[in-house]
Amino acid sequence: MSKRDYYEVLGVEKGADVKDIKKAYKRLAMKYHPDRTKGDKDLEVKFKEIQEAHEVLTDEQKRAAYDRYGHDGVDPSRGAGGFGGNADFGDIFGDVFGDIFGGGGRRGQSRAQRGSDLRYNLELSLEDAVRGKSVDIKVPTWVTCDSCDGSGAKKGTSAKTCPTCHGAGQVTMRQGFFAVQQTCPTCHGRGKIIPDPCSKCHGEGRVEKTKTLSVKIPAGVDTGDRIRLSGEGEAGMHGAPAGDLYVQVHVKEHPIFVRDGNNLYCDVPISFATAALGGEIAVPTLDGRVKLKIPAETQTEKMFRLRGKGVQSVRGGGVGDLVCKVVIETPVNLSEQQKELLRQLDATMAGDSEAKHRPKSKGFFDGVKKFFDDLTS
Ligand SMILES: [Zn+2]
Ligand SMILES: [Zn+2]
């Protein structure tokens with residue numbers, strides 16, 4: 001028995017949109033539902049025919065195949081859920097199956113598999129991170145085959161619709177009551193096969209290559225920042241779009257500066273005499289040395305803030321500061337003469353003079369004395 005045209009079965013125009021097809025189906029399905037046509041074998045066949053037409057015409061892939069190749073283009077045994085079997089089953093579960101498989105599975109989700117994203121770990125010196133830099137990086141990756149332009153087919157030939165799944169990329173395996181969609185074993189979900197593969201990429205449409213890329217690192221990046229190079233990841237298979245390349249920034253430790261956000265920190269040793277008398281010292285910045293005035297009577301670990309000598313954030317906003325912590329360096333390797341001078345100096349600051357010259361020490365030792373006196377009284 002030759003099959004009726006699906007459009008004719010549903011009574012719709014060839015170019016009808018899915019909404020109208022569904023509407024027509026609903027109307028007919030109600031009319032010819034086996035519950036209403038109890039026992040009438042002819043009408044049951046008609047109902048199945050309606051279901052089948054609906055099944056094919058509401059599936060983009062199958063409809064396209066049907067439009068092109070007619071009934072030969074679609075294999076009814078690939079139908080979802082119920083048709084051909086228990087009509088009620090199809091009715092009740094048809095939409096549920098439609099939801100589960102229709103979302104992508106049935107349309108062959110693995111067909112246009114985008115290439116993988118890549119991550120490149122880039123180590124930068126603090127100076128380069130702060131100032132920005134163009135770096136050339138070598139990335140082992142997959143690139144689109146230039147011999148076949150990614151199609152995977154030999155020059156002058158082209159891919160063909162898969163004869164097993166007719167381009168759907170999926171086939172339906174029946175397991176008892178259920179129909180399970182599986183990736184087509186012939187084309188592995190692509191919906192197409194390449195009868196004459198490109199000899200350079202063996203049909204994959206991409207080849208392995210170490211790519212050299214020039215990456216512009218913006219000024220102010222910090223460890224943890226990443227720079228996305230859209231489309232510079234691995235080329236997809238069979239001409240699918242490429243993934244992205246992420247350059248992950250890691251800033252190396254600096255011998256002098258510690259960075260915290262936009263601020264830089266450094267310890268600067270100063271002599272005891274400079275701390276006491278005051279003076280000018282040279283401190284390092286990323287742009288070279290600058291002079292820093294040390295006031296007289298500066299205590300150790302005092303912080304000096306040099307505004308604007310920090311880092312300009314990559315995300316905009318102000319420039320950070322350089323914070324210098326001065327640390328008084330205790331002199332070492334003293335000669336006898338130097339020692340004697342220090343003893344003499346120290347003696348002038350002891351006894352009654354202590355409160356004047358060393359108020360902290362005086363206060364501290366007075367406190368300690370009181371502590372012990374209290375203990376023993
Ligand atoms: Zn296939
Ligand atoms: Zn190729």
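FYI, side chains are in, hydrogens and waters are out, and symmetry mates aren't considered; it's all heavy atoms of this structure. Because the structure is predicted, anything quoted here is derived from the model rather than measured. Just follow the structure's listing: the first ligand is 1, and inside any ligand the first atom is 1.
One finds an angle of 110° at the Zn ion (ligand 1) between SG on Cys162 and SG on Cys184, to the nearest 10 degrees. Between SG of Cys145 and SG of Cys201, the angle at the Zn ion (ligand 2) works out to 110°, rounded to 10 degrees.
Looking only at distances, no side-chain donor or acceptor of Arg307 sits under 3.5 Å from a matching main-chain atom of Asp321. Under the 3.5 Å distance criterion, the side-chain polar atoms of Asp225 are left unmatched by any main-chain donor or acceptor of Val249.
Aromatic ring orientation, Tyr6 versus Tyr66: tilted (interplanar angle from 30° to 60°).
The Zn ion (ligand 1) lies at 2.8 Å or more from every N, O or S atom belonging to His188. Under 2.8 Å from the Zn ion (ligand 2) lies an N/O/S atom of Cys148, whether from backbone or side chain. Distance check for Cys187 against the Zn ion (ligand 1): an N/O/S atom falls below 2.8 Å.
Checking Tyr246 against Asn121 by side-chain atom types alone, no donor-acceptor pair falls below 3.5 Å. A side-chain N or O of Arg63 and one of Tyr7 form a donor-acceptor pair less than 3.5 Å apart.
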